[in-house]
Amino acid sequence: MQSNRLILTVLLINLVVFGYGLTQHWWATVANVALVAQLNFAVGVLVRQQFLVNALSRVVMTVPKSWPLRLRWALAKGYHLGGLHVGGAICGTLWFLGLTVIATGRVGVPVLVIYYAQAALLLAIVFTSRPKFRAKRHDLFERMHRFGGWTLSTLFWSGAVLLADEGADGDSLPEAIIRTPTIWVLVVTTASSLLPWLLLRRIPVEITRPSSHVALVKAAGRRPMAGTTRSVSRHPLRQWHSFAVVPTPNAPGFRMAVSRAGDWTAEFIDNPPSHLWVRGVPTAGMANYGTVFRKVVYIVTGSGIGPVLAHVLAARVPHQLVWVTRDPVKTYGQELVDEILTAAPGTLIWDTDANGKPDMVELAYSAYRSSGSEAVICVSNKKVTWSVVHGLESRGIPALGPIWDS
């Protein structure tokens with residue numbers, strides 16, 4: 001996948017920098033190694049910045065449809081930039097491990113203690129971020145990522161300031177800090193990380209449950225851009241989950257569909273809250289990149305209708321919707337089904353209660369051929385999404401789908 005290629009690209013660039021640094025004897029200086037490490041982390045942090053993600057999405061959405069399909073297909077993979085996050089984090093960790101070795105015996109005890117603490121914490125974060133561990137112990141992964149990240153930020157600042165003080169060469173501490181490049185990199189990454197939390201707020205919500213499988217959430221406020229996702233939580237320091245937001249046509253606020261898919265969603269459906277915490281801003285989702293095509297097939301299963309419904313209602317691009325789900329009226333309610341069929345009368349709804357589970361790749365391929373579309377966008381669970389995306393792309397058909405990279 002493109003995200004894996006981007007991880008490899010970051011690794012190769014760092015290898016080149018490492019080799020060049022050896023020839024120039026850069027790595028004899030602790031400050032140089034610290035700077036390269038922080039630059040890697042800056043790449044990892046900034047590529048996740050919500051405003052940057054939204055800006056990139058808007059740029060891709062302006063691409064003329066007269067451009068060659070192969071080029072538009074490549075641009076539609078812009079949401080794979082999460083690979084830079086992974087690559088930057090891995091390389092930053094490796095550089096800091098090297099920094100810890102190089103700094104031993106060269107810096108004061110306080111700086112060295114901070115470096116060893118950083119190295120241990122970075123290894124713990126990387127270990128808990130592995131895909132298999134993340135899938136099995138997501139709550140622990142999230143806590144380690146959040147609280148470990150905050151602790152690391154504090155350690156980074158402490159280490160950078162102490163190192164600047166050691167190398168002041170007669171300058172005052174403020175002067176030494178100002179002329180330390182690592183400090184300025186930290187300013188940028190810290191501001192980027194803090195911004196979503198500065199926009200933290202608690203909002204009232206209205207929740208209806210058409211079935212025990214799903215809860216439909218309505219919230220007031222500004223009308224978000226179609227095709228965005230929103231992070232929500234019942235407690236600001238506990239679990240956060242992202243859901244697609246669906247703007248209500250000609251009305252403020254947004255809606256979300258929360259399906260039963262784990263402990264948190266089960267508790268949400270069984271004991272719905274009156275308020276939710278939100279942070280940052282609504283962030284462009286994967287399907288936004290599909291607007292570079294002249295016509296698309298949306299093939300979704302279950303509550304995957306949420307991320308796609310916003311695009312169906314916005315009608316940014318001609319489309320064919322295929323929805324594979326349990327009895328849709330019984331599960332999601334007549335009102336939602338009517339809204340979908342009104343917005344997209346040609347929708348194919350495959351009722352798995354009545355017809356069983358279809359071959360998703362063949363169903364997507366059939367819809368692609370019969371509709372005359374340029375691409376397919378699949379929103380389902382990981383196994384189905386990857387089978388559809390890779391199954392179609394192996395036939396030379398552009399296909400997009402979530403990549404579960406974070």
Side-chain angles (χ1 to χ4, degrees), residues 6-7 9-18 20-21 24 26-53 55-56 81-103 106-108 110-112 114-119 121-123 125-126 129 145-146 148-169 171-198 280 406:
L6 288 172
I7 295 172
T9 299
V10 175
L11 289 170
L12 291 175
I13 290 173
N14 275 273
L15 281 175
V16 171
V17 171
F18 177 73
Y20 185 73
Q24 302 298 315
W26 282 355
W27 313 137
T29 305
V30 171
N32 289 343
V33 183
L35 175 60
V36 175
Q38 287 296 347
L39 286 171
N40 274 280
F41 283 121
V43 170
V45 170
L46 292 176
V47 79
R48 290 293 195 212
Q49 221 297 317
Q50 294 171 328
F51 290 98
L52 183 64
V53 171
L56 174 65
L81 281 180
L84 297 180
H85 169 78
V86 178
I90 291 173
C91 291
T93 299
L94 293 174
W95 280 108
F96 258 105
L97 294 177
L99 173 65
T100 304
V101 174
I102 293 171
R106 298 188 183 184
V107 298
V111 177
L112 195 59
I114 288 174
Y115 282 174
Y116 273 93
Q118 287 173 355
L121 193 51
L122 282 166
L123 288 173
I125 292 175
V126 169
S129 297
H145 224 66
R146 180 180 306 121
W150 292 350
T151 304
L152 271 177
S153 183
T154 302
L155 291 173
F156 285 157
W157 273 101
S158 301
V161 171
L162 287 174
L163 188 63
D165 188 32
E166 287 189 6
D169 294 330
D171 292 336
S172 66
L173 181 58
E175 290 174 331
I177 290 174
I178 289 174
R179 63 181 179 80
T180 301
T182 303
I183 295 290
W184 293 106
V185 176
L186 281 171
V187 168
V188 174
T189 55
T190 302
S192 177
S193 299
L194 280 176
L195 186 54
W197 293 96
L198 295 176
S406 66

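In what follows, residues are counted from 1 in the order of the sequence shown. These numbers come from a predicted model, not from an experiment.
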Under 3.5 Å: donor-acceptor pair, side chain of Ser153, backbone of Gly149: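 Flag not set: sc Ser153 to bb Gly149 has no pair under 3.5 Å.
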Using atom types as modelled and distance alone, determine if a side-chain donor or acceptor of Gln38 lies under 3.5 Å from a backbone N or O of Leu186.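 Side chain of Gln38 to backbone of Leu186, a donor-acceptor pair under 3.5 Å: no, none is there.
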Per the side chain to side chain donor-acceptor pair (under 3.5 Å) rule, what does the pair list look like for residues 9-18, sequence neighbours excluded?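 Checked against side chain to side chain donor-acceptor pair (under 3.5 Å) - neighbours excluded - the pairs reaching residues 9-18 are Asn14-Asn40, Asn14-Trp95.
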In Å, rounded to the nearest 0.5 Å, how long is the span from [atom1] of [X] to [atom2] of [Y]?
X      : Y      : atom1 : atom2 : value
Thr190 : Leu195 : OG1   : CG    : 12.5 Å
Ile183 : Leu163 : CD1   : CG    : 9.0 Å
Leu81  : Arg48  : CG    : CZ    : 9.0 Å
Leu6   : Leu84  : CG    : CG    : 5.0 Å
Gln118 : Leu123 : CD    : CG    : 11.5 Å
Ile114 : Leu162 : CD1   : CG    : 5.0 Å

Is there a side-chain contact between [X] and [Y] in this structure, where contact means two heavy atoms from C-beta onward sitting under 4.5 Å apart?
X      : Y      : answer
Thr180 : Val161 : no
Phe96  : Leu152 : no
Val101 : Leu97  : no

Which atom pair, heavy atoms only, marks the closest approach of [X] to [Y]?
X      : Y      : value
Gln49  : Ser192 : CG-OG, 2.8 Å
Val86  : Ile7   : CG1-CD1, 3.7 Å
Thr100 : Ala119 : OG1-CB, 3.8 Å
Ala34  : Thr182 : C-OG1, 4.1 Å
Cys91  : Leu11  : SG-CD2, 3.3 Å
Ala103 : Val30  : CA-CG2, 4.0 Å

So, using side chain to side chain contact (heavy atoms under 4.5 Å, CB included) as the criterion, who are the partners of Trp184 when residues are at least two apart?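 If we apply the side chain to side chain contact (heavy atoms under 4.5 Å, CB included) test to Trp184, skipping adjacent residues, the hits are Ile178, Val187.
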What residues form a side chain to side chain contact (heavy atoms under 4.5 Å, CB included) with Leu39, not counting sequence neighbours?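 Partners of Leu39 under the side chain to side chain contact (heavy atoms under 4.5 Å, CB included) test: Leu35, Val185.
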Test log, rule side-chain contact (heavy atoms from CB on, under 4.5 Å), inputs Leu122 and Phe41: CA-CA 11 Å; Leu122 282 166; Phe41 283 121; 3.4 Å; yes
side-chain hydrogen bond (donor to acceptor under 3.5 Å, both in side chains) with Arg146: which residues, sequence neighbours excluded?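 Residues passing side-chain hydrogen bond (donor to acceptor under 3.5 Å, both in side chains) with Arg146: Glu142.
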Counterpart residues, ring pair (Phe, Tyr, Trp, His ring centres under 6.0 Å), relative to Trp157 (two or more places apart):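 Trp157 satisfies ring pair (Phe, Tyr, Trp, His ring centres under 6.0 Å) with no other residue.
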Apply ring pair (Phe, Tyr, Trp, His ring centres under 6.0 Å) to Tyr115 and list each qualifying residue two or more places apart in sequence or on a separate chain.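 Tyr115 satisfies ring pair (Phe, Tyr, Trp, His ring centres under 6.0 Å) with no residue once adjacent residues are dropped.
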